[in-house]
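Atoms within a ligand are numbered from 1 in the order they appear, just like the ligands themselves.
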Amino acid sequence: MVSFSCCGARTKKEFGMQESASTLASSEVAANGQRHSAVHEWVESIRLLVNPENVVWITGDEKESSRINAELVEDGTFLPLNEEEYPNCFWSRSNPNDVARVEGRTFICSEQEDQCGPTNNWMEPGAMREKLNGLLKNSMSGKTMYVVPYLMGPEGSPYSKVGFEITDSLYVIANMRIMARIGDVALQHLKEGDTDFVRGVHAVADLDPEERYIAHFPDTCEIISVNTNYGGNALQGKKCFALRIASAQAKKEGWLAEHMLILGVTNPSGKKHYVCAAFPSACGKTNFAMLIPPKGYVDAGWKIETVGDDIAWLNFGDDGRLYAINPENGFFGVAPGTSEQTNPNAIKTLQSNSIFTNTALDLDRMTPWWEGLTEEPPQHVRDWLGNEWSPEVGSKAAHPNSRFTAPAAQCPSISEEFKSPAGVPIDAIIFGGRRATTLPLVFEAKSWQHGTFVGITMASEATAAAVGQVGALKHDPMAMRPFIGYHAGDYFQHWLDIGERGGSKLPKIFHVNWFRKAADGSFLWPGFGENIRVLEWILKRVDGLASGTETPLGIQPKPSEMNTTDLDISDADLEELFSFSRDEWEKEVDSQKEFLATIGAKLPKAIAEEHEMLRSRVRAWGVVE
Ligand code: SAT
Ligand code: MN
């Protein structure tokens, strides 16, 4: 890798001694400017617009990080946590009007409206630029404008991509530092004269929710977010780049950018498989990615390793198989519900060098707290709004979408392959939603085309990850509905095209549902570590060791193929988990039809045909007793 000539000079620069923009336009930037003139021309154009007092380039080194954290403590954004229990960890609260992604304020500004499609909001790029220029003009006057180079994907990977986020928020930089590989490492990835980088601008402005915009320009690889400082709205590497912009790039370049975790499973004979799984936000992807098998499985030699918990970029390798990399470097996990019982690996990961946003605070220990972390709440609690809290208050102490930002490398189950430039070969793709009824524990799609249809028609009960009605059933194709950076119909066709290209070497496709409930409202399946039983069946199918049984939905396990040793579940519950109700499926097929109709003329014919075939199979089958 070519080393970047001015890194040393910039590393020496003291954060506290920021140079003015005009000084920066001299020596070191000139050297840098020659190599990356396109970056510098763009940065200069933004500087002229936002009119900051200083410009600082972020290098990503440790000292710089300490200075940023110290400054955030000084201005009150960060509260340092107990240094013994949570070293180098900080507690932070966002503006209460800015606590989750806002899909209504998220825009795909493609040149043509029909490139945007029905799942996105469109604004004509010129009109959006005018609007945003108005909001950005002088928005950083008297402030420092930081330029954050970042790399999505492992160092040295041909699949990794470079982005820049210009921001006036040190909070964003502190989080981006955990979530992506930032600073010089990213510049080094950019070849001389390279113009293939994502241009991002983020301004906190005055957090006016009415003027909040998360705007994407897929044709020019630009992202602009204003009036927000939270999560996926402001940490642009995550949903904005790695999913919305990257999905549009992937369409052009012949790969897939997906909302999927990546995990490795080693079975008792030592064979290792890799699996990707797509579940909507806040449906347990992080827990599944860090699954700890039950004792019997561990004793037998099963092992799960985590490659990623949220996003996968899948490219064809030289051998024609699909290889996945995790573009991220950290976890932005939902805190409530995470505990030593539900996800001990996450608890160990977030024990140091982490940021807690909108959780509650145990005032006696100065440690973060959230519902589910311990059975009993601590004695003295401050809630996510900063108020004193006790259970009698009646509200939640932690916001339901409160998050921990934690370095992936700290995860006890992190895979060696997390850093692998080549990525990992994928054997199975799993789709899943949160469904109280209708969907069985697991089934396999009959083919890539049928699997694409299964992914497209998946639906889930809404969670707190986005603003909206929690619990309402939403169609969420491939768990990508809020993240497809172009027309959903073209995205479906792209999946079919990948199928044509990959042939027999493609992963098999499955659908799972951990959330099916009995009539009394209790969950039928224990979930968490026991989900490995489902993985075991999936991998048996991959290896040709289970024949399964055909149902209208696809292939389901024969009862004898599910390992239920040591499992505390009644035969009746197990049967119900796999039961098929024609009435429920008639309704499901109708609701699928309604959803598919929203895609309009760009719905691939093959998908409409899959839908018709499912309807006929459902009708022909009848209710299984
Ligand atoms: O989009 S966020 O990164 O804020 C979280 C999510 O929805 O998964
Ligand atoms: Mn996600």
Side-chain angles (χ1 to χ4, degrees), residues 92 94-95 97-106 120 150 152 163 165 169 171-172 175-176 178-180 200 202 212 214 216 223 225 228-247 257-263 276-290 306-313 326-338 346 355-359 384 398-406 408 430-434 458 460-468 470 474 476-485:
S92 192
S94 73
N95 187 304
N97 82 26
D98 187 30
V99 294
R101 281 185 291 103
V102 271
E103 289 168 15
R105 309 295 315 162
T106 302
N120 292 309
Y150 63 96
M152 299 309 289
E165 179 163 353
S169 166
Y171 169 83
V172 159
N175 279 271
M176 281 293 284
I178 299 173
M179 295 307 298
H202 164 247
R212 184 165 293 155
I214 298 96
H216 308 70
I223 303 162
S225 40
T228 176
N229 201 28
Y230 194 77
N233 300 337
L235 311 178
Q236 294 183 344
K238 198 174 181 55
K239 309 298 191 193
C240 299
F241 180 171
L243 289 178
R244 296 194 190 97
I245 296 290
S247 62
E258 297 296 329
H259 193 200
M260 292 176 177
L261 65 89
I262 311 161
L263 60 81
C276 280
F279 307 155
S281 296
C283 283
K285 282 212 306 296
T286 303
N287 291 346
F288 191 48
M290 299 178 192
T306 311
V307 182
D309 82 325
D310 196 39
I311 299 174
W313 286 357
N326 172 9
E328 299 193 278
N329 198 32
F331 306 127
F332 187 64
V334 178
T338 307
I355 300 164
F356 299 87
T357 307
N358 292 342
T359 69
W384 71 278
H399 186 277
N401 193 39
S402 56
R403 301 269 173 162
F404 55 83
T405 318
I430 304 174
F431 293 117
R434 185 180 279 274
M458 69 190 255
S460 191
E461 289 143 23
T463 67
V467 174
V470 173
K474 277 179 144 183
D476 191 351
M478 277 81 173
M480 280 286 282
R481 193 191 43 80
F483 309 121
I484 306 168

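- Among the atoms of K239, an N, O or S atom is found under 2.8 Å from the Mn ion (ligand 2).
- For the Mn ion (ligand 2), the nearest N, O or S atom contributed by D310 is named OD1.
- For ligand 1, the 4.0 Å heavy-atom shell contains residues R101, G231, G232, K238, K239, S281, F332, R403, A465.
- Here the side chain of W384 pairs no donor or acceptor atom with the backbone of S94 at under 3.5 angstrom.
- Looking at every heavy atom in both residues, P280 comes nearest to K285 through O-NZ, 4.4 Å.
- Residues Q236 and S225 approach most closely at NE2-OG, 2.9 Å, considering heavy atoms.
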Next on the checklist: Pair D476, S460 - check side chain to side chain donor-acceptor pair (under 3.5 Å), show working.
Outcome noted: CA-CA 7 Å; D476 191 351; S460 191; over 6 Å; no
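- In terms of modelled atom types and a separation under 3.5 Å, the side chain of R434 and the main chain of C283 share no donor-acceptor contact.
- Scanning all heavy atoms of the two residues, the minimum distance from G485 to S247 falls at N-OG, 2.9 Å.
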Checklist entry - Given the rule in the side chain to side chain donor-acceptor pair (under 3.5 Å) test, do N97 and R212 qualify, once you have shown the distances and angles that lead to the verdict? => result CA-CA 11 Å; N97 82 26; R212 184 165 293 155; 2.6 Å; yes
